[in-house]
Amino acid sequence: MVEIVWTEPALSDLDAIADFIALENPVAAQKLVRKVFKHVEQLADHPKSGSKPAELKGRNYRQIIESPCRVFYRHDDIRVYILHVMRSE
């Protein structure tokens, strides 16, 4: 099991996405944030489970998708670093 480390930019990204969704549907925004965190938690046991983003070919980045979000991360033997969250549409 590895440690999950959220970077400040990634948390800010997710917060901005949730704020935008909350303008129309606060409940949906809360559900999305919970789903993203739950999906990211699975990386503690399976850090290599994410796919390699096509646009970052040749680099050591991976992503998981929790629609409408793409969560970009890197990992080593002891940590997964959550680097960036963006909308996938």
If we ignore hydrogens and angles and just use 3.5 Å, is the side chain of Tyr73 paired with the main-chain N or O of Ile64 as donor and acceptor?
no
Leu14/Val36 under side-chain contact (heavy atoms from CB on, under 4.5 Å): CA gap, chis, key distance, verdict
CA-CA 9 Å; Leu14 183 57; Val36 168; 4.0 Å; yes
Between Leu32 and Ile21, is a side-chain contact (heavy atoms from CB on, under 4.5 Å) present by the stated rule, with each step listed?
CA-CA 9 Å; Leu32 174 64; Ile21 293 170; 3.4 Å; yes
Closest non-hydrogen atom pair between Ile78 and Asp76, with its separation
N-OD1, 2.9 Å
What pairs of residues pass the salt bridge (Lys or Arg N to Asp or Glu O under 4.0 Å) test when at least one of them lies in residues 2-26, not counting sequence neighbours?
Glu3-Arg79
Summary of salt bridge (Lys or Arg N to Asp or Glu O under 4.0 Å) pairs that have at least one residue in residues 57-73, sequence neighbours excluded
Lys35-Glu66, Glu55-Arg70
Ser51: what forms a side-chain hydrogen bond (donor to acceptor under 3.5 Å, both in side chains) with it, not counting sequence neighbours?
Gln63
Which value, rounded to the nearest 0.5 Å, describes the distance between Arg74 atom CZ and Thr7 atom OG1?
12.5 Å
Heavy atoms of Val2 and Asp77 approach each other most closely as CG1-O, 3.4 Å
Taking only residues two or more places apart in sequence or in another chain, which ones pass side chain to side chain contact (heavy atoms under 4.5 Å, CB included) with Ala16?
none
Quick check: closest heavy atoms across Val80 and His75, and the distance to 0.1 Å?
CG2-CB, 3.8 Å
Assigning hydrophobic clusters by single linkage (Ile, Leu, Val, Met, Phe, Trp, Tyr; side-chain heavy-atom cutoff under 4.5 Å), is Val85 placed with Leu11?
yes
Residues 39-48 vs salt bridge (Lys or Arg N to Asp or Glu O under 4.0 Å), sequence neighbours excluded, gives none
In short, Val33 meets Ala18 closest at the heavy-atom pair CG2-CB, 3.6 Å
Ser88 (side chain) donor-acceptor with Pro68 (main chain) under 3.5 angstrom:
yes
Apart from Val5 itself, members of its ILVMFWY cluster (side-chain separation under 4.5 Å) are Leu56, Tyr61, Phe72, Tyr81, Leu83, Met86
Just jot down the side-chain hydrogen bond (donor to acceptor under 3.5 Å, both in side chains) partners of Arg87, sequence neighbours excluded, or say none.
Glu89
Per the ring pair (Phe, Tyr, Trp, His ring centres under 6.0 Å) rule, what does the pair list look like for residues 34-59, sequence neighbours excluded?
Trp6-Phe37
